[in-house]
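Some notes on the structure that comes next.
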Amino acid sequence: MNHVIIYTDGACKGNPGPGGWGVLLRSGAVEKELFGGHPATTNNRMELQAVIEALRALKRPCRVTLFLDSEYVRKGITEWLPGWKARGWRTASKQPVKNAELWQELDALVQSGGHAIDWQWVKGHAGDPGNERADTLANRGVTHVLR
């Protein structure tokens with residue numbers, strides 16, 4: 001399996017407001033940048049969309065180290081998701097899971113992709129070069145939708 005290092009980030013100008021997502025993929029010496037956005041969204045939705053787009057970009061099963069600065073996404077995928085699914089996409093307090101359609105899409109990509117994913121949290125805006133590039137790409141996504 002190829003090893004791919006991925007950095008993802010989401011951005012939102014207002015919450016809700018125009019938002020963007022950014023992805024930096026690295027495999028050996030090869031790098032790929034992805035970004036996009038939505039005119040009316042939330043930061044959490046953009047954080048989720050960044051991870052979804054990153055995994056969509058992988059064409060075959062890979063060993064993935066995925067760096068993200070969103071505890072919402074990291075904990076959601078590594079801790080909360082099994083309970084949400086068992087409760088019919090309800091939280092422990094019986095409320096509907098926010099962004100359920102994105103969580104379901106992410107879950108399907110994780111389950112069907114054949115990837116071995118190591119989910120790594122990194123502190124945002126703290127000088128990590130990969131995270132800073134993903135942040136720049138996410139902000140480029142915002143700028144793109146504001147044109």
Side-chain angles (χ1 to χ4, degrees), residues 1-38 41-87 89-93 95 97-145:
M1 283 184 135
N2 283 356
H3 182 217
V4 179
I5 296 170
I6 299 174
Y7 287 86
T8 65
D9 202 12
C12 205
K13 305 304 176 196
N15 201 17
W21 55 267
V23 175
L24 172 64
L25 298 105
R26 286 189 185 134
S27 182
V30 177
E31 286 189 349
K32 185 173 185 175
E33 295 180 337
L34 306 170
F35 66 92
H38 194 276
T41 190
T42 66
N43 189 64
N44 282 341
R45 289 184 68 82
M46 292 296 91
E47 294 282 359
L48 278 163
Q49 194 68 52
V51 176
I52 289 167
E53 298 297 339
L55 295 179
R56 267 194 200 143
L58 302 176
K59 302 302 181 207
R60 61 185 169 278
C62 298
R63 187 168 52 91
V64 176
T65 305
L66 199 150
F67 293 93
L68 63 169
D69 62 10
S70 170
E71 283 284 51
Y72 170 69
V73 176
R74 191 187 66 78
K75 285 186 175 184
I77 198 71
T78 63
E79 298 176 25
W80 306 331
L81 190 69
W84 291 340
K85 289 166 71 172
R87 290 186 294 272
W89 294 96
R90 299 243 171 223
T91 65
S93 62
Q95 298 302 308
V97 171
K98 290 181 181 172
N99 307 311
E101 77 286 359
L102 292 176
W103 283 113
Q104 290 164 354
E105 188 174 356
L106 178 55
D107 182 43
L109 285 166
V110 168
Q111 298 304 317
S112 68
H115 309 298
I117 304 173
D118 180 18
W119 302 89
Q120 293 290 317
W121 181 80
V122 62
K123 183 177 172 103
H125 310 287
D128 181 287
N131 178 258
E132 296 294 337
R133 282 187 57 194
D135 179 68
T136 297
L137 290 165
N139 281 294
R140 191 181 301 170
V142 176
T143 301
H144 186 73
V145 298

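A quick note: this is a predicted structure, and the numbers were derived from the prediction, not measured.
In this structure, Thr143 contributes its side chain and Asn139 its backbone to a donor-acceptor pair below 3.5 Å. Glu132 contributes a side-chain N or O that, together with a main-chain N or O of Gly127, makes up a donor-acceptor pair within less than 3.5 Å. Within the 3.5 Å criterion, the main-chain N or O of Gln95 finds a donor-acceptor partner in the side chain of Thr91.
Counting heavy atoms from C-beta outward, Met1 and Cys62 have side chains that stay 4.5 Å or more apart. Side-chain contact between Gln111 and Asp107: present, with at least one pair of heavy atoms (C-beta onward) separated by less than 4.5 Å. The shortest side-chain heavy-atom distance between Val142 and His144 does not fall under the 4.5 Å cut-off. Proximity of Arg60 to Asn2: side-chain heavy atoms (C-beta onward) are separated by under 4.5 Å at one or more points.
Among Ile77, Asn43, Leu68, Leu106, the one residue that satisfies the side-chain contact (heavy atoms from CB on, under 4.5 Å) test with Leu48 is Leu106.
Side chains of Asn131 and Lys123: a donor-acceptor N/O pair is absent below 3.5 angstrom, by distance only.
Counting heavy-atom neighbours within 6.0 Å of His3 NE2, excluding the residue itself, gives a total above 12.
No salt bridge links Arg63 with Asp118; every basic N to acidic carboxylate O contact stays at or beyond 4.0 Å. A salt bridge does not link Glu33 to Arg26: none of the charged nitrogens lies less than 4.0 Å from a carboxylate oxygen.
Taking the six-membered ring for Trp and thresholds of 30 and 60 degrees, Trp84 and Trp89 have ring planes inclined between 30 and 60 degrees apart.
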